[in-house]
Amino acid sequence: MGADSGSGAAPGPAVSWRKVLWERQPFPDNYVDRRFLEELRRNEGLRQYRYWAVVQEAGLVAQQISCVALFLTLWLYMEQGLLSPSTLLWTGLLCALLGYGLYQALAPRGDSDNHHRTRWSDLQSASIFLSFTFGFSPVLRTLTESVCTDTVYAMTALMLLAHLVAFPYAHPSPPGSLSLNAALFASVCLASRLPGDLHTSGGLDSSSSPSSLHTFTMLCWALLVFALWPCLLQRLRDCAPWVFGCVCVLVGVCGVGGLGSLWPGGAVLLAALLGTVTLLCPLLLIRLQSDKDNIQGPWDEAEIREDLTHFLH
Amino acid sequence: MVLKIFFPQCCNKADSGLLVGRWIPGQNSAVVLAVIHYPFIPGQVKQYIHQVECSGVDLTVLGSWSMPKEGQEGMESFLRDLSTIFPQGQWLQLSREMGKIGFRCHVLTRDPSKSPFASQVAPIVFGTVCQSEPLFFLDKYDDGPVKMTHWQSEGREGSIIVELMKQASTPVCLLTTWILTLWTSLCSSRILNVRPMRFISSKLSTCVQLSYRTEHLQTVCSPTRATAHNHFMRKANIFVSFFVDVSLGLLLVSWMYRENRIGKLADTLVPAADYVAKELEELLQWLMGAPAGLKMNRALDQVLGRFFLYHIHLWISYIHLMSPFVEMILWYVGLSACLGLTFALSLLSDITALLTFHIYCFYVYGARLYCMTVYGLSSLWRLFRGKKWNVLRQRVDSCSYDLDQLFIGTLLFTILLFLLPTTALYYLVFTLLRLVVVMFQGVLHLSVDFINSFPLFAMGLRLFRSYRLAEGVKFRVLCEEPGTPLHLMMDINPLKVSSVVQTYRTPTYSCYPKDSWLALCKKLFLGELIYPWKHKTTKID
C-alpha cells in the first residue's frame, strides 16, 4: 500500500480521507494517504558522545576490576605465606584511618554539628564491624571445611563476577546491596581457604584450618576494599574530578603490578583487559552510534510522566 | 383412569371373604388391610369395624375376595349380594382361581367420580399400614367374633428379650442417669479443672475416650423415649456398640490377667525402652561421623550430637528409676480395660506416647532449629538482593540498607548457608522417627474411632430385617395377560449397605488427617511442627 495508491477500487477524492475508524468512508479499510508515516521519528534520543569523556567514565569500571585484582593479590600473598596477617592487619587499619581523614577533609563545607554526630555514628559502626567480625571469625574459618576446594573457587569466581556486574557505577557511594554482599560472600569463601599458622595446627595435620587472625584480616580488607573505598571515590569524584582520573590510573597500575609480582601471565591478561575496557570499548560505542536505527512514533506504548507537584500545595 | 389396588401377599392364599381396608382419597387407589372370612354375621362385622374405627383406625369394607375351593361354587352371586349389605361408593370384586397367578377384578361403581392421576402412592400405603396397628392385634390364634387374615396373622412379631428389656429399662435408666450426673459434676469440679490438668487430660486419649463414653451413655440413658427414627437408631447404635466394646474389653482383660501375662509384659517393657535408646545412640554416633558420605560441618555436628546423646542418657536414667513400679502400675491401669476395648487401645496409644517422649523432644528441637535456619536464610537472601518483605502489603519490596546491616546480614547468610546441610540432616532423621510413631498412634486412634462410630445395630437390622430400613419400592411383573388386570409384586428396596453406614454413623470427634498431602509436604519442607491427626473440636454429623 503506497501512500497515494489506494487500491484500484478507491473512488476519486471528492471526499477527503480522515484517519478515523468510527465513520464509514468510501475508502477501503487499509487505505492510507500521502501523510502516511509523517509522524515517524528516527533516532530521537541520540546522544553525541565525546571520546575522552566516555574514556573517563569507563575508567571507573577498569578501576573496579583492578580493585578486585588487588584483593586477590593480597589473598595470594597470605596464602603463600609471604605476608603475615598481623602486618596486613596493621596496614589495613592505618589505611582506614588515612582514608577516613581524607574523607572528612574533603567533606563539603556544611554544618559542623553534623560532623560531630556522624563521627560518633561512624565510631559506632566501626566498633560493630570489628566486634562482629572478630566474634564470627572462629565460626567462619571452619565453615567450608567439608566443601571441595574447586567448588569454593568456583563460587568465589561467580560471586566476584556478580559483584562487578551489579556494581552501581553511576553512583558508587551508597553501595549496592547485591554487589557488596556478593563481594563479602566471596571473601568469606576465600578466607576459609587460607592455610593456618604452623604452630596453631598440629604438625601431622595436613589439612590445617586457618587461624582466626587470617580470617579476621581477610574480612577487614574486604570491607575496606569493597565497602569503604567506593565512598571515598565518590567524594573524590565530586570534589576533584582530575584527581579522580589520576587515582583510577594509579589503582590500575598497582593492580597490574601486584599481580605481576606473583603471576606475570595474569598481569599481562589484566593489562589487556583494562586496556580493552578503557580504550577500545568507548571507541566501539562511538563507532556503532552511526549504525543506530531507532524509530519512534505514536504507535509506541504510552509513558505516563506523573507530575506530582500538584500534591505539594 | 387406572385403579390401583394394594393387596397383601399373605391374603393371596386366604379363603374367600370380605375385603376391609381403606380408599386413598384423590389417588384412585385402595389399600387392602385384611380379609374377614366366612362365616360371619354382617352385624358383628359392622360392630367390629365401628370398634376399630373408634380406636383411630380409618377402616371401611372395600369389597369381596373369592378363591373358590372345591365345593364352593355359587359364591359369586352371594358375594355380589354382599354389596347391598355394605353400602359403598365403589365395590371391588377380586377373584382368583386355584393354580392360576392372575386375578380377576370387577368394580361396581355407584357414583362415578373423576379423580386426578397421582404417583406418590407408596408412602401413603405404608403410612396406612402403620396407622392400622390396632387392627393387627387380633391374629389367627385368638378366639373372637371375626376371623381375619392379615400380614401379622401368623403371630405378632416380637421377641422375649426385647420385651424384658423394655420392662427393665426404666429403673436402670434412672439409676444410670443419676450415676452419670454425679460423675460429670465431679469431673467439672474446681479441683480437676485447673489449667495443667485440663491440658493434660485433653492430650491423653484415655481421658478423651472417657468423656465420649460418658456423653454416649447420657444419650442412651435419657429417660425420655426416642420419638424420631434417627434418634431411636442413634440410641440403639450407641447401646449395641457400647455392649460389644465392653464385652471385648472383658475378654481381653480375662486373657491378659491369666497366666501372669501382665507381669511378663511389664518385664519386657524396660528392656524394650533400653533397646530403643541404644539404637538411637548408635544412630547419633553415625550422624556425628560422615553419614552416607555427606559432608557435615564438624563443629556443629559434634555439638548437636553430644546434646542429643546427653538427652538420651537422662531419659534412660529416668526409665531405670521407674522400673520397680512398672509392674504395679501396669496391673492397675490394665484393669481399666474392663470399660471397653477402646479404653485398652487408648491406653496403649498413651503408653506409646509416654515411652517415645524423647523422640518427640528431639523432633521438636530439630524442627525448631531447621525452621529458624530456613526462615533466616529466606529473609537474608532477600537482604542479599537488596529487597525486603513488606508486611503491610504482603509482598517483596526493594529497600536500601545501611552499610552495617548489609555487612552483618551477609556474614549471617554465609554462615547459615553452610550450616544448612547439617541441620537439615538432623531434622530429616528425627522427623522420620517421629512420623513412624505418629503412624502407629494414628492407626490406634482410627480403630478406636471406628469402634465408636460404626452403626452395629443398623447394620444388623439391614442384614436380618432388611425391610425395616427401606430406600424405596420396586415392582416386579407377575402376570401380564390381556383381559386380566396387570399384576405387579411390590417389594421393599432395602437401603444400600454403604448408605446405611453413612446415614447412621454415630457422630464422634473423628480423627482424620488435618492437611492434604501437599500441605503436609510443604510444612515438612519449611520445618513447621506437624500434628497430622487432628481431633475436631465440633462434632461432625
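To find a chain, count down the sequence lines: A is the first, B the second, and so on, and within it residues start at 1.
Between chain A and the options B/Arg385, B/Met296, B/Gln405, the largest number of non-hydrogen pairs under 4.5 Å is found for B/Met296. With chain A as partner, the option from B/Leu412, B/Asn297, B/Asp402 having the largest number of non-hydrogen pairs under 4.5 angstrom is B/Asn297.
Taking the six-membered ring where the residue is Trp, A/Tyr103 and A/Tyr100 present parallel rings, their angle staying beneath 30° rather than reaching 60°. Taking the six-membered ring where tryptophan is involved, the planes of B/Phe362 and B/Tyr365 are tilted, since the angle between them lies from 30° to 60°. Ring geometry for B/Tyr427 against B/Tyr363 counts as parallel: the plane angle stays under 30°, on a 0 to 90° scale with 60° as the upper cut.
B/Ile408 touches chain A through its side chain: at least one heavy atom from C-beta onward sits under 4.5 Å away, while N, CA, C and O do not. Interface remark: B/Leu383 contributes backbone and side-chain atoms alike to the contact with chain A (heavy atom separation under 4.5 Å). With a threshold of 4.5 angstrom between heavy atoms, A/Phe136 approaches chain B through side-chain atoms but not through N, CA, C or O. Heavy atoms closer than 4.5 Å to chain B are found in the side chain of A/Leu140, but not in its backbone.
Applying the ring-ring contact (aromatic ring centres under 6.0 Å, His included) definition to pairs two or more places apart or across chains, none involves residues 266-286 of chain B.
In this structure, CG on B/Leu284 lies 6.0 Å from OH on B/Tyr426, to the nearest 0.5 angstrom.
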